[in-house]
There are 2 protein chains.
Amino acid sequence: MARFEYEQFMDKALAQAQKAFETKEVPIGAVITNPSGIIIAAGYNQVESQKSQTAHAELLALRSASQNLGDWRLDGCILYVTLEPCTMCYAAIQLSRIKHIVYGAQSPVFGYKKDQDCFIKPFDTQITIIGGIKADQCARLLQLFFQTQRL
Amino acid sequence: MARFEYEQFMDKALAQAQKAFETKEVPIGAVITNPSGIIIAAGYNQVESQKSQTAHAELLALRSASQNLGDWRLDGCILYVTLEPCTMCYAAIQLSRIKHIVYGAQSPVFGYKKDQDCFIKPFDTQITIIGGIKADQCARLLQLFFQTQRL
């Protein structure tokens with residue numbers, strides 16, 4: 001897949017992050033495409049409004065995608081997210097059988113640990129992870145949010 | 001806390017697992033107590049009925065507890081679950097600020113990795129994890145489920 005294609009879907013994830021920003025949530029957004037490259041689900045961080053740490057953008061998008069497809073197996077789907085996933089979301093993505101993750105900005109604190117398998121017995125499939133797509137825009141929105149919080 | 005107290009709450013988690021069993025889900029159940037030892041939330045595995053890998057017993061219980069308390073921070077709460085949590089759930093428990101996990105049977109495949117921190121920058125608090133509470137009963141229900149599936 002060409003970089004400009006990744007960027008097009010990252011724009012959609014950024015639009016989700018913008019929704020989070022507007023509702024005073026940490027601005028992180030995600031979309032999921034099916035094997036034909038059609039967006040089948042989207043989500044943005046709602047930890048504060050839903051009062052739950054399970055309301056990360058990725059988990060909401062995963063739930064929505066599975067419900068739309070009527071199957072928890074999301075084989076061949078791609079997840080796009082504006083910030084590198086945390087371990088909870090990374091494990092949820094693996095459990096959902098997604099093998100391709102595209103993210104924007106890096107997360108120095110809560111990112112999953114790259115050199116480790118998530119599970120005791122690792123899944124037998126490789127996961128392709130592409131980072132740094134529209135990273136500056138993704139990071140800028142987060143910086144703007146945290147600056148606003150400090151005012 | 002005395003072992004018989006853990007066992008009392010594990011019985012409640014087992015009752016949740018039984019509900020999963022009756023709805024043909026892998027029988028795993030969880031309950032969460034508040035700092036006074038009162039159960040404030042419960043959940044059982046609903047991956048098939050909700051068609052989502054995010055519908056593990058622990059995640060459903062966490063969401064319910066946070067909504068009941070009106071806060072995603074579950075400081076001082078204890079999570080009881082019939083099977084050792086997977087990495088997704090273990091990370092969600094940490095993100096929710098729970099520092100005490102009690103589980104029943106061990107999970108040889110999907111259990112979180114004990115010798116690893118979940119996050120790049122680990123939380124600065126220790127988590128107390130007690131395993132093996134009513135382990136035989138918890139494992140027996142799972143075995144019964146998988147035997148039934150093979151018939």
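Naming: A, B, ... by sequence-line order, numbering from 1 per chain. All values reported here derive from a predicted model rather than from experimental measurement.
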Tell me whether [X] shares a hydrophobic cluster with [Y], the cluster being built from Ile, Leu, Val, Met, Phe, Trp, Tyr side chains joined at under 4.5 Å.
| X | Y | value |
| --- | --- | --- |
| A:M1 | A:I130 | yes |
| B:I127 | B:L83 | yes |
| A:I93 | A:V81 | yes |
| B:L62 | B:I28 | yes |
| B:L79 | B:Y44 | no |

Roughly how far apart are [X] [atom1] and [Y] [atom2], rounded to 0.5 Å?
| X | Y | atom1 | atom2 | value |
| --- | --- | --- | --- | --- |
| B:L74 | A:Q53 | CG | CD | 9.0 Å |
| B:S52 | A:L60 | OG | CG | 10.0 Å |
| B:T54 | A:M88 | OG1 | CE | 10.0 Å |

(request) Give the minimum heavy-atom separation between B:C86 and A:L95, together with the two atoms involved. (result)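 Scanning both residues, the minimum pair turns out to be SG-CD1, 4.1 Å.
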
(message) Using every non-hydrogen atom in the two residues, find where A:W72 and B:E48 come nearest and quote the distance to one decimal.
(response)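 Closest approach of A:W72 to B:E48, heavy atoms only: NE1-OE2, 3.0 Å.
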
(request) Answer with side chain, backbone, both or neither: which region of A:S96 has an atom nearer than 4.5 Å to a non-hydrogen atom of chain B? (result)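 Its backbone and side chain both get close to chain B.
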
